[in-house]
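One-based numbering along the sequence shown.
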Amino acid sequence: MTIQRRTVDIEAAAKLWRDDLSASQIAKRFGVSRNVIVGLAFRNRGLFPWHGDAGKKTRAPGPAKTARSRKRAPELKREPEIPATAYDADRLQSAKLLHHLSAGECCWPLGNGGPYLFCAAETTGRYCRNHHARSLPKKNEGKA
């Protein structure tokens, strides 16, 4: 027997629903899928009263789960400020903003505050010769 959109079939399914049969059990009797019955109940809410959360699993009583304690992030070391040199002061006249730099210009930042200006000297790498030499650690600096 297949369910039709006839009033007789809808009322028969609604009666089974009110008798606390599940959608799967009603579907089995009509030879249709569970989703057909659920859709029918959804479209005819007046005939299919809500069962509530009766079929849902409930949590077992007991202590609630607590959030795990989080480890604090390690304190980050501040980067040492690179002191400006006379070369940097000379480069300030031709310095550029970052979005004005093109390939082949030094991108060493000049100054400590905004607006951030960059060296912009011609180079074949990221930094000009002077700033490249300053970016490398000195031989005795890394050893303790």
Side-chain angles (χ1 to χ4, degrees), residues 2-7 9-11 13-14 16-144:
T2 60
I3 195 163
Q4 302 291 324
R5 292 190 182 217
R6 296 182 310 190
T7 308
D9 290 339
I10 294 172
E11 288 176 355
L16 294 171
W17 183 274
R18 285 190 300 271
D19 291 340
D20 284 335
L21 266 68
S22 68
S24 298
Q25 292 168 332
I26 298 169
K28 191 178 272 188
R29 288 195 181 188
F30 282 98
V32 294
S33 73
R34 175 188 170 279
N35 286 341
V36 170
I37 302 301
V38 170
L40 190 67
F42 183 77
R43 287 187 299 274
N44 300 289
R45 291 187 193 124
L47 297 173
F48 293 82
W50 185 56
H51 287 296
D53 295 331
K56 290 189 176 181
K57 295 180 181 177
T58 57
R59 239 179 19 100
K65 287 185 179 179
T66 57
R68 293 187 314 191
S69 61
R70 293 185 180 190
K71 293 180 183 176
R72 291 195 63 167
E75 290 293 323
L76 298 176
K77 295 178 188 174
R78 288 192 59 123
E79 289 288 325
E81 286 192 23
I82 300 170
T85 62
Y87 178 81
D88 291 343
D90 290 341
R91 293 299 312 154
L92 274 174
Q93 284 96 20
S94 59
K96 294 182 179 180
L97 295 170
L98 182 62
H99 61 277
H100 291 270
L101 286 179
S102 61
E105 291 181 324
C106 177
C107 58
W108 185 271
L110 301 175
N112 290 332
Y116 293 101
L117 298 173
F118 295 85
C119 175
E122 287 188 34
T123 182
T124 55
R126 285 180 59 101
Y127 302 127
C128 62
R129 291 180 111 178
N130 181 293
H131 289 130
H132 180 73
R134 286 176 59 193
S135 70
L136 300 174
K138 293 184 175 72
K139 291 187 178 188
N140 295 336
E141 194 175 283
K143 299 174 184 173

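When the salt bridge (charged side-chain N to carboxylate O under 4.0 Å, His left out) test is applied to K28, no partner is found at least two apart in sequence or on another chain. Taking R126 as the reference, nothing meets the salt bridge (charged side-chain N to carboxylate O under 4.0 Å, His left out) condition, with sequence neighbours excluded. Residues passing the ring pair (Phe, Tyr, Trp, His ring centres under 6.0 Å) test with Y127, sequence neighbours excluded: W108.
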(request) In sequence, state the C-alpha distance, the side-chain angles, and the governing distance for V38 and F48, and then conclude on side-chain contact (heavy atoms from CB on, under 4.5 Å). (result) CA-CA 10 Å; V38 170; F48 293 82; over 6 Å; no
(message) Between L47 and W17, is the side-chain contact (heavy atoms from CB on, under 4.5 Å) condition met? List the steps.
(response) CA-CA 9 Å; L47 297 173; W17 183 274; over 6 Å; no
(message) Does R29 form a side-chain contact (heavy atoms from CB on, under 4.5 Å) with L21? I'd like the steps, not just the answer.
(response) CA-CA 11 Å; R29 288 195 181 188; L21 266 68; 3.8 Å; yes
(request) With side-chain contact (heavy atoms from CB on, under 4.5 Å) as the test, would you mind laying out the steps for H131 and T123 before giving the verdict? (result) CA-CA 10 Å; H131 289 130; T123 182; over 6 Å; no
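For the atom pair N44 CG and I10 CD1, the distance stands at 4.5 Å (nearest 0.5 Å). Atom-to-atom distance recorded for E122:CD and R129:CZ is 13.5 Å, nearest 0.5 angstrom. Within the model, atoms CG of D90 and CG of L110 stand 11.0 Å from one another, a figure rounded to the nearest 0.5 Å. Interatomic distance, CZ of F118 versus CG of L97, reported as 8.5 Å (0.5 Å rounding). Here the straight-line distance linking atom CG of N130 with atom OG1 of T85 works out to 5.5 Å at 0.5 Å rounding.
Within 6.0 Å of CD on E75 lie no more than 12 heavy atoms contributed by other residues, nucleotides or ligands.
Closest non-hydrogen pair, C128 versus C106, comes out as N-SG, 3.3 Å. Taking both residues in full, the closest heavy atoms of A120 and L101 are given as CB-CD2, 3.7 Å, listed atom of the first, atom of the second, then distance. Heavy atoms only, all atoms of each residue included: H100 and E105 are closest at O-OE1, 4.1 Å.
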